[in-house]
Amino acid sequence: MAVGIFDSGLGGLTVLDAVRTRLPDVPFVYMADNAHAPYGVRDADDIYGLTCAAVRRLWDEGCDLVVLACNTASAAALRRMQESFVPSDKRVLGVLVPMIEALTERQWGDNSPPREVAVKHVALFATPATVSSRAFQRELAFRAIGVDVEGQACGGVVDAIEEGDMILAEALVRSHVDALRRKMPEPQAAILGCTHYPLMQDAFQAALGADVTVYSQANLVADSLADYLERHPNMAGEGGEAKFLTTGDPRRVSDRATQFLKRGIRFDAA
Ligand code: DGL
């Protein structure tokens with residue numbers, strides 16, 4: 001059995017690490033579309049086409065279940081994929097809903113009407129494509145009422161992280177937090193709505209201050225995947241070997257991944 005994990009680049013490794021810790025017996029095939037990253041500045045059709053191609057590649061590896069460890073693909077492409085691309089014997093899951101369930105204090109499958117929740121002012125930090133899709137607000141409206149969400153499109157942060165320029169990434173985080181505060185001076189919670197951003201979590205927390213709760217996805221997605229596999233054990237596909245695939249330059253991508261996760265990782269060409 002193997003499960004596919006997809007991201008446009010290296011950000012999904014933050015999710016991969018959490019799911020590997022939570023599900024140590026499951027082999028994961030990680031697929032990074034580095035040749036086309038970042039996705040966050042692309043339009044929805046483009047993101048849809050690229051994500052379908054990457055998911056098809058993971059199906060070829062025997063991964064019947066694929067997690068889009070990418071908010072941009074989850075926000076801009078997942079619904080259309082589920083409606084018109086994914087056959088009945090395969091599944092593609094996203095990362096937005098586990099985050100929203102945590103924020104709205106819901107268990108999986110709780111389909112009761114939207115209700116008031118503790119948090120009222122939420123800052124959403126995400127890529128331009130995720131913010132403009134408004135998918136986060138749509139999913140939230142199914143579950144909660146009276147929550148004010150202010151989206152901040154964090155242009156440039158994914159590029160800086162992919163380039164390994166953490167000094168630039170930190171400076172951009174500070175300036176995006178300043179921009180958010182001009183629109184919403186006192187957020188109670190901040191959502192890191194891009195899987196690259198946990199790599200900058202300390203910078204977000206420092207810029208936001210200790211009284212803002214920062215929600216990061218990796219552990220929430222890991223719990224939700226464990227729960228899904230318990231309910232659908234047959235969805236772990238036939239693939240048996242853990243591996244890392246990239247559409248980019250395998251050597252360069254391996255070096256960056258090793259730098260981020262502080263352990264040796266070897267990517268092969270997809
Ligand atoms: N990690 C992706 C996300 O969660 C990155 C997006 C990008 O490639 O711009 O949105």
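Counting starts at 1 for both ligands and their atoms, in listed order.
- Of all atoms in ligand 1, numbered sequentially from 1 with element shown, those under 4.0 Å from a heavy atom of Asn71 are 3 (C), 4 (O), 10 (O).
- Contact annotation: for Thr127 versus ligand 1, heavy atoms closer than 4.0 Å belong to the side chain alone.
- Between Gln217 and Asn71, some side-chain heavy-atom pair lies under the 4.5 Å cut-off.
- Counting only heavy atoms of the protein, atom 6 (C) of ligand 1 lies nearest to Thr72 OG1, 3.4 Å.
- The cluster map of Ile, Leu, Val, Met, Phe, Trp and Tyr, joined by side-chain heavy atoms under 4.5 Å apart, puts Val29 and Val66 in the same cluster.
- The closest side-chain heavy-atom distance from Phe244 to Leu16 is below 4.5 Å.
- The closest protein non-hydrogen atom to atom 9 (O) of ligand 1 is Gly40 N, 2.8 Å.
- What sits closest to atom 2 (C) of ligand 1 on the protein, heavy atoms only, is Asp7 OD1, 3.3 Å.
- With a heavy-atom cut-off of 4.0 Å, Ala37 does not touch ligand 1 at all.
- Within the 4.5 Å cutoff, the side chain of Asp45 has heavy atoms near those of the Arg80 side chain.
- Phe204 is not listed as a side-chain neighbour of Ser216, based on a closest heavy-atom distance of 4.5 Å or more.
- Ionic pairing of Asp227 and Arg231 is present here: one or more N-O contacts between side-chain nitrogen and carboxylate oxygen are shorter than 4.0 angstrom.
- Atoms of ligand 1 found under 4.0 Å from any heavy atom of Ser8 (numbered from 1 in listed order, with element): 5 (C), 6 (C), 7 (C), 8 (O).
- Looking at ligand 1, you'll find an N or O of Thr195 within less than 3.5 Å of one of its N or O atoms.
- Among protein heavy atoms, atom 7 (C) of ligand 1 sits closest to Tyr39 N, 3.2 Å.
- Heavy-atom neighbours of Arg115 CZ from other residues, nucleotides or ligands within 6.0 Å: above the threshold of 12.
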